[in-house]
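Everything on this sheet refers to the single structure shown next.
Remember, it's 1-based here, ligands and their atoms both numbered in the order they're listed.
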Amino acid sequence: MIAVGADHAGYEYKEKIKELLKTMKIEFQDFGTSSTESADYPDFAHKVAEFVASGKAEYGILICGTGIGMSITANKHKGIRASNVESIEAAKLARAHNNANILAIGARLTPWKTVEEIIKVFLSTKFEGGRHQKRVEKIHSLTNL
Ligand code: RB5
């Protein structure tokens with residue numbers, strides 16, 4: 001299960017991402033927004049982050065203009081590791097090294113073709129564990145989030 005959310009700037013990409021997930025036969029839940037009318041990104045980031053943190057979704061995908069507001073907000077939730085990703089390599093490393101559980105995308109900064117690849121790579125890359133395990137644990141143990 002993937003939780004998806006966007007503000008007005010990310011709405012169109014969110015709709016395309018839902019189509020992509022359907023073709024990949026991956027279940028998703030849409031937390032809004034539902035149009036290009038102006039909306040506040042924290043409203044959607046909080047809902048998606050809560051859903052992922054509760055274990056109801058394995059991953060979240062959040063889209064705003066830059067991905068920045070979404071990732072800052074999502075990272076305020078306990079157990080969330082949101083990564084604002086603009087390249088395919090960063091998508092791979094966010095999973096392999098950081099065990100990221102939320103992908104934040106900037107619709108105004110990243111072309112759709114790249115976003116498609118970012119999502120495919122993010123969802124198919126496993127956390128490497130090993131030396132990265134204790135580093136990821138330290139993120140949470142030292143911040144209590
Ligand atoms: C909305 O104009 C824009 O500020 C928002 O989508 C996002 O980029 C914030 O981080």
Mode of [X] contact toward ligand 1 - side chain, backbone, both, neither (heavy atoms, under 4.0 Å):
{"X": "C64", "result": "both"}
{"X": "T66", "result": "both"}
{"X": "M70", "result": "neither"}

With the threshold set at 4.0 Å, does a side-chain nitrogen-carboxylate oxygen contact exist between [X] and [Y]?
{"X": "K47", "Y": "E50", "result": "no"}
{"X": "E19", "Y": "K16", "result": "no"}
{"X": "K113", "Y": "E116", "result": "yes"}

Exercise: identify the closest heavy-atom pair between K56 and M1:
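Closest pair (atom of K56, atom of M1, distance): O-CG, 3.4 Å.
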With the threshold set strictly below 4.0 angstrom, can you tell me whether any protein non-hydrogen atom sits that near atom 2 (O) of ligand 1?
yes
Nearest protein heavy atom with distance in Å, relative to atom 5 (C) of ligand 1:
D7 OD2, 3.2 Å
In terms of residue, atom name and distance, what is the protein heavy atom nearest to atom 10 (O) of ligand 1?
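Result for atom 10 (O) of ligand 1: G69 N, 2.9 Å.
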Is the CD atom of Q133 crowded by more than 12 outside heavy atoms at less than 6.0 Å?
yes
Geometric N/O contact R108 with ligand 1, under 3.5 angstrom:
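Such a contact does occur with ligand 1.
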Contact between L62 and T73 at the side-chain level, heavy atoms closer than 4.5 Å - yes or no?
no
